[in-house]
Amino acid sequence: MMYTLQLAVIFMVEAFSQAVIYDFILLEAPYTFPGNASLCETAEWRKSFPTKATIATYQNQIFWTEEEFTWKENHLLLNSARYTDQGRYVFVCKGDEKTLKLDVLYALNVHVAEMDNITLKCLRRNANDVTWLHNNERVLQYKKDGSINPGKGYEGRVSLEKNCFKTGDISLTITGVRKTDAGIYRCFVDDETTEGYPHTYDLSHVNEKRSSPGNQTDSNFNEAQSLIIYKCLTIVFVIITCILMLVIVIPKLNCQSTSPTATYHVPMSNGVLLSPSQSMVNHPVQESDTTENKPSNTTPF
Ligand SMILES: *[C@@H]1O[C@H](CO)[C@@H](O)[C@H](O)[C@H]1NC(C)=O
Ligand SMILES: *[C@@H]1O[C@H](CO)[C@@H](O)[C@H](O)[C@H]1NC(C)=O
Ligand SMILES: *[C@@H]1O[C@H](CO)[C@@H](O)[C@H](O)[C@H]1NC(C)=O
């Protein structure tokens with residue numbers, strides 16, 4: 001009851017104040033709150049929901065914060081976000097109030113290489129529209145009435161399942177991933193009010209483009225290397241054999257003529273040196289492709 005009342009009050013307050021900032025943060029990541037204290041004589045950061053507490057104050061150039069926060073360049077910094085850090089915050093400066101609604105999210109890590117295609121899974125039934133965000137920018141919005149709205153830079157390379165509203169599979173496919181696609185992806189339905197499941201993907205590293213299976217440059221290079229090593233070993237083998245012949249075998253052959261009873265062991269150079277075939281066993285193994293590939297039944301937008 002108290003909770004509902006509190007929520008109602010917050011909605012009423014928000015309806016009358018223009019400045020509500022919505023932001024999100026990944027679990028255990030640091031977060032810098034908006035609001036520059038150096039522009040205020042006194043400033044205060046409060047958490048207003050679900051619990052009420054003053055978390056930081058600034059007065060007469062003196063900063064005070066709760067333990068999990070620090071001050072950095074007149075800004076309040078959360079050192080490492082915990083799940084309970086989500087909620088509503090108010091920044092008060094010169095009597096002016098700014099509200100921040102902060103979400104703390106757990107993201108699934110995605111590893112992808114440049115030019116790959118990738119599908120970020122997301123499910124939600126009974127949706128009226130689907131929105132995917134990259135950081136805070138729109139990647140794609142798709143409405144039940146058929147209207148499609150790709151974000152800037154995503155035209156022609158993002159897609160959803162054709163019948164996603166029927167199946168509830170609102171997974172996003174990006175073709176030809178670029179370096180600039182790195183970041184956090186979130187999936188929403190119903191005008192960004194409801195989260196799809198799973199909601200958050202962390203595509204923080206777009207790796208360098210691998211050579212395609214048709215591009216033999218890399219394996220050719222390794223073959224060339226092996227060939228050079230093989231040739232070097234052969235030359236070394238020949239040189240050592242010649243030296244051995246000169247130093248050991250030939251003088252002893254001369255001796256043999258004078259003392260026929262002596263026995264000789266010709267060194268077995270083959271047992272010491274690698275045979276050419278042994279030198280070539282270390283070919284690199286082609287890494288298997290673990291990234292999700294694009295399903296066939298999608299609509300390119
Ligand atoms: C905060 O405001 C001061 C004064 O205007 C400015 O010098 C400083 O660069 C600002 N800090 C940040 C991090 O924006
Ligand atoms: C990515 O998808 C496009 C369009 O469907 C296709 O032409 C291309 O071969 C795919 N690329 C890879 C690396 O699977
Ligand atoms: C093969 O890869 C090399 C560099 O890794 C690149 O310069 C070349 O254009 C590629 N060739 C093809 C056909 O993709």
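Only heavy atoms go into these numbers, but all of them, side chains included; no hydrogens, no water, no symmetry mates. This one's a predicted model, so the numbers in the text were calculated from it and none came from an experiment. Start at 1 and go down the list; that is how both ligands and their atoms are numbered.
Remark: the Arg186 side chain and the Asn136 side chain contain an N/O donor-acceptor pair separated by less than 3.5 Å. No donor-acceptor contact under 3.5 angstrom links the side chains of Tyr185 and Asp202, judged on distance only.
Using cut-offs of 30° and 60° for the angle between ring planes, the Phe69 and Phe33 rings count as tilted.
In this structure, atom 5 (O) of ligand 1 lies nearest to the protein heavy atom Leu39 CD2, 3.1 Å.
The CG atom of Asn60 lies 9.0 Å from the OG1 atom of Thr42; values are rounded to the nearest 0.5 Å.
Aromatic pair Tyr106/His199: ring centres not closer than 6.0 Å.
Distances below 4.0 Å separate heavy atoms of Thr175 from the following atoms of ligand 2: 2 (O). In summary, the atoms of ligand 1 found under 4.0 Å from a heavy atom of His75, numbered by their order in the structure, are 11 (N), 12 (C), 13 (C), 14 (O). Atoms of ligand 1 found under 4.0 Å from any heavy atom of Ser38 (numbered from 1 in listed order, with element): 1 (C), 2 (O), 3 (C), 4 (C).
Both Ile174 and Ile148 are part of a single hydrophobic cluster, where members link through side-chain heavy atoms under 4.5 Å apart.
For atom 7 (O) of ligand 1, the nearest protein heavy atom is 4.0 Å or more away.
Note on ligand 1: Asn74 sits outside its first shell, no heavy atom being nearer than 4.0 Å.
Backbone and side-chain nitrogen or oxygen atoms of Asn117 are examined, and one is located within less than 3.5 angstrom of a nitrogen or oxygen of ligand 2.
Residue contacts with ligand 1 for Asn36 involve side-chain atoms from C-beta outward but no N, CA, C or O (heavy atoms, distance under 4.0 Å).
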